[in-house]
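To start, the structure itself, in structure tokens.
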Amino acid sequence: MRTIELEPGLVRLVDQRRLPLEFAVLECRDYRQVAEAIRTLAVRGAPAIGVAAAAGLALAARAAADRPAPEFWAALEAAARELKATRPTAVNLFWAVDRAMGVARERQAQGAVPAEVAEALYQHAVRLAEEDVAVNRRMAEIGQELIRDGDGVLTHCNTGSLATVDWGTALGVIRAAHERGKRIHLYIDETRPVLQGARLTAWEALRYGIPATLITDNMAGHFMRLGKIQICFVGADRIAANGDTANKIGTYTVAVLAREHGIPFYVVAPTSTVDLSIPSGDHIPIEERNPEEVTHIAGVRVAPEGIRVANPAFDVTPARYITGIITEKGIIYPPFEVGLRRALAGGDG
Ligand code: MRU
């Protein structure tokens, strides 16, 4: 199945908290369940949380569709606010909710009654999900050209089907190269503290038959020095106008190591991850998560009680460490500001 599936009044999500031990599907009939799923990482990955939020908004609209218009709109605005408050870093979430609200307001301006607005929001969420898959396929086609037969490829976090509706961004590129018959070897950073690499990317790599080795995050430099890694691909949660990129904590370390070893470092992200409203990565809000993600592993305490803990979920890789940004509009090379603006204006990178 796809990571996110929609039916009128129902959103199905692969519950990523339980993988790889169990494949379970979460059924959400209320937008609050979707908000909770985003907050608790049942659904995660920038593109996936954007689509989930749009689907959640469609649920909220359906639930309020019989109410008088002022009440309907108040309920919809409240749901939009609540969905946007779930996680702060991935701009896809805000992009998706704002875009959906734009569709709703447009239908209102055309004289639509609440039930018609609710239907438009559902149809919009379905389209957004389809669009996500198409965009990922396009990025995969473009990006796989960069991978040569025999390459060792490093990735961080999970950017596969699970992080999107289907196919994936950085992992989608790697999967496309594998499906083209290129003999690659994937090195997967485990991605502490939530272990998206160990739990999710490793699970996906096995499913697709991509030859892969799981390593802990602090092994990346070792394998680069040994010449095992020729190229790195990561995803993004928000790309500032100058190309600075927020992604899973530890991405910056990989980028600096790659530079030291002369290894190309690519970001793979749809244009919906680009935030031209902020000039640089200094303006990207970084989510701070529960300290227990650091003090505990799989529910078992590994650090002494009373120790102070920092748990930023993302870091910012300065644009100067990024070789190129692969979008559905093409590969953007430095200076990123020019290429990103052109790509968002509708042209090629
Ligand atoms: O905290 P997460 O698991 O939502 O973080 C996910 C990442 O950092 C991904 O690399 C990013 O969202 C891109 S997913 C295609």
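Start at 1 and go down the list; that is how both ligands and their atoms are numbered.
Within the structure, ligand 1 has R87 among the residues with a heavy atom less than 4.0 angstrom away. Contact annotation: A313 has no heavy atom less than 4.0 Å from any atom of ligand 1. Ligand 1 lies out of reach of A90, whose nearest heavy atom is not under 4.0 Å from it.
Nearest to atom 7 (C) of ligand 1 by heavy-atom distance, out of D237, L195, T201, is D237. With distances taken over non-hydrogen atoms, the option nearest atom 13 (C) of ligand 1 out of G45, A236, A269, G160 is A236.
If you number the atoms of ligand 1 from 1 as listed, the ones under 4.0 Å from a heavy atom of K248 come out as 1 (O), 2 (P), 5 (O), 8 (O). In summary, the atoms of ligand 1 found under 4.0 Å from a heavy atom of N247, numbered by their order in the structure, are 7 (C), 8 (O), 9 (C), 10 (O), 11 (C). When each atom of ligand 1 is checked for a heavy atom of A46 under 4.0 Å away, the hits are 12 (O), 14 (S). Within ligand 1, counting atoms from 1 as listed, the ones closer than 4.0 Å to a heavy atom of T159 are 10 (O), 15 (C).
The pair E131-R138 does not count as a salt bridge, with every side-chain nitrogen at least 4.0 angstrom from each carboxylate oxygen. Under 4.0 Å is where a charged nitrogen must lie from a carboxylate oxygen, and between R192 and D217 no such pair does. Ion pairing of R29 with E27 is present here, as a side-chain N (NZ or NE/NH1/NH2) and a carboxylate O approach within less than 4.0 Å. Ionic pairing of R17 and E22 is not present here: no N-O contact between side-chain nitrogen and carboxylate oxygen is shorter than 4.0 angstrom. The pair R183-D149 meets the salt-bridge criterion, with a side-chain N (NZ, NE, NH1 or NH2) lying under 4.0 Å from an Asp/Glu carboxylate O. Classification of R180 and E141 as a salt-bridged pair holds, one side-chain N sitting under 4.0 Å from a carboxylate O. Ion pairing between a basic and an acidic side chain is recognised when a charged N comes within 4.0 Å of a carboxylate O; R62 and E119 show no such pairing.
Every residue two or more places apart in sequence or in another chain that forms a salt bridge (charged side-chain N to carboxylate O under 4.0 Å, His left out) with D30 is listed here: R32.
Of the protein's non-hydrogen atoms, the one nearest atom 14 (S) of ligand 1 is A163 CB, 3.5 Å.
For ligand 1, the polar-atom distance check against N158 finds no nitrogen or oxygen pair separated by under 3.5 Å. Close N/O approach between C157 and ligand 1 is not found [any backbone or side-chain N/O within under 3.5 Å]. No N or O atom of L41 sits closer than 3.5 Å to an N or O atom of ligand 1. Checking only distances, H156 never comes within under 3.5 Å of ligand 1, N or O to N or O. Close N/O approach between T169 and ligand 1 is not found [any backbone or side-chain N/O within under 3.5 Å].
Note that R67 lies outside the cation-pi zone of F72, set by a 6.0 Å cut-off to the ring centre and a 45° limit from the axis.
Heavy atoms of A48 found under 4.0 angstrom from ligand 1: none, in either backbone or side chain. In Q196, the part holding a heavy atom less than 4.0 Å from any atom of ligand 1 is the side chain.
Residue pairs meeting the ring-ring contact (aromatic ring centres under 6.0 Å, His included) criterion with at least one member in residues 211-240, sequence neighbours excluded: Y187-F223, F233-Y266.
Atom CZ of R87 sits about 8.0 Å away from atom CZ of R44, to the nearest 0.5 Å.
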